[in-house]
Structures are given as structure tokens and as C-alpha cells.
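To keep things clear, I will list the structure first and then write my remarks on it.
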Amino acid sequence: QVQLVESGGGLVQAGGSLRLSCAASGRTFSSYHMAWFRQAPGKEREFVAAISRSYGITKYADFVKGRFTISRDNAKNTVSLQMNSLKPEDTAVYYCAAKVSVTTFPSSDNYNYWGQGTQVTVSS
């Protein structure tokens with residue numbers, strides 16, 4: 001089992017940047033595909049980005065391609081989300097997620113470990 005703790009959220013103006021971090025407990029971090037999801041008020045939670053347990057293979061939602069970058073450091077048990085060119089519609093609670101997998105490529109669903117979330121607010 002893994003425990004996830006997000007940090008780095010906050011208030012930023014449109015066009016600005018934020019970097020979210022997620023610290024994972026446990027000694028098998030490299031066994032997990034990692035992902036970021038978000039949930040805006042009144043909307044369902046949606047996939048943002050994922051990164052494979054090894055090789056650093058990434059997957060992004062279309063609405064963040066070219067603006068957000070997911071990365072991980074298996075030595076430090078951390079995964080990050082660099083968010084650039086932020087828009088007001090990026091305002092949401094951002095969640096870190098993990099799942100054990102033997103596959104090479106990360107997916108956008110079926111994650112079973114979640115952090116508590118961190119608020120990102122983008123003002124216009």
C-alpha cells in the first residue's frame with residue numbers, strides 16, 4: 001500500500017505557472033504508475049496526466065498537452081506536475097494517484113490510491 005501527499009497548490013494569475021508535488025510512502029514506489037487528476041466544482045474528476053513506473057513514459061489529456069509536464073523521481077518517491085500557461089478553467093482540486101501495474105504504458109483510469117488533493121485557483 002502507498003500513501004500520497006500533495007503540495008504546491010495555490011492562487012495564480014492566468015498565464016502563470018505552478019508546480020505540484022506528490023510525496024509517496026513505501027519502498028516500492030517504482031512499482032506504481034503515477035497520475036494526476038483534477039476535479040472542478042460541480043464537475044466530475046478528470047484525468048490530467050500519467051507517468052509509467054519506469055522508462056518515464058507519459059500520457060496527457062488533450063487539454064493540457066504542451067502546457068503541463070509530469071515527471072517522477074523514483075529515488076525520492078516523488079511525482080511532480082509542472083503547470084505553465086495556466087487558464088481560469090484549470091481551477092480545480094488536483095489529486096495525485098497511484099496504481100500497481102506490470103504494464104509498460106500508463107493508463108488514464110483504474111487508479112486505486114489517492115492523495116487528499118491540493119487546490120489550484122487561476123484568476124483571470
request  = Please test Val120 against Met83 for side chain to side chain contact (heavy atoms under 4.5 Å, CB included), starting from the C-alpha separation and ending with a verdict.
outcome  = CA-CA 10 Å; Val120 171; Met83 305 186 294; 3.9 Å; yes
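Under the 4.5 Å side-chain criterion, counting only non-hydrogen atoms from C-beta, Trp36 is in contact with Cys96. At a threshold of 4.5 Å between non-hydrogen side-chain atoms, the residues Thr78 and Phe29 do not count as touching. The shortest distance between side-chain heavy atoms of Phe68 and Asp90 falls below 4.5 Å.
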Check residues 8-26 and write down every donor-acceptor pair under 3.5 Å in which the side-chain atom is one partner and the other belongs to a residue at least two apart or another chain.
{"unit_1": "Ser17", "atom_1": "OG", "unit_2": "Asn84", "atom_2": "OD1", "d": "2.9"}
{"unit_1": "Arg19", "atom_1": "NH1", "unit_2": "Gln82", "atom_2": "OE1", "d": "3.2"}
{"unit_1": "Ser25", "atom_1": "OG", "unit_2": "Gln3", "atom_2": "N", "d": "2.9"}

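In this structure, Arg45 has no side chain to side chain donor-acceptor pair (under 3.5 Å) partners at least two apart in sequence or on a different chain. Applying the ring-ring contact (aromatic ring centres under 6.0 Å, His included) rule to Phe47 yields the partners Phe37; only residues at least two apart in sequence or on another chain are considered. For Gln116, the side chain to side chain donor-acceptor pair (under 3.5 Å) partners two or more places apart in sequence, or in a different chain, are Glu6.
Val2 and Tyr95 fall into different hydrophobic clusters, where Ile, Leu, Val, Met, Phe, Trp and Tyr side chains are chained together by heavy-atom contacts under 4.5 Å. Linking ILVMFWY residues whenever their side-chain heavy atoms come closer than 4.5 Å, directly or via other members, leaves Met34 and Tyr111 in distinct clusters. Under the 4.5 Å side-chain contact rule for hydrophobic residues, Ile70 and Phe63 share a cluster. When the side chains of ILVMFWY residues are joined at heavy-atom separations under 4.5 Å, either directly or via intervening members, Leu4 and Ile51 end up in a single hydrophobic cluster. Taking hydrophobic clusters as Ile, Leu, Val, Met, Phe, Trp and Tyr residues chained together by side-chain heavy-atom distances below 4.5 Å, Val100 shares a cluster with Val79.
Sorted by first then second residue, the salt bridge (charged side-chain N to carboxylate O under 4.0 Å, His left out) pairs that include residues 50-64, not counting sequence neighbours, are Asp62-Lys65.
Using cut-offs of 30° and 60° on the angle between ring planes, the pair Tyr32 and Tyr113 is perpendicular.
Between atom OG of residue Ser54 and atom CG of residue Asn74 there is a gap of 8.0 Å, rounded to the nearest 0.5 Å.
For the 3.5 Å distance criterion, the side chains of Lys99 and Ser107 qualify, holding a donor opposite an acceptor.
When atom types are taken as modelled, the side chain of His33 and the backbone of Thr103 share a donor-acceptor pair closer than 3.5 angstrom. A donor-acceptor contact shorter than 3.5 Å links the side chain of Thr91 to the backbone of Val122.
Applying the 4.5 Å side-chain rule to ILVMFWY residues, one finds Tyr55, Phe105 in the same cluster as Ile57.
Cation-pi geometry between Arg67 and Tyr60 is not satisfied (NZ or CZ under 6.0 Å from the ring centre, within 45° of the ring normal).
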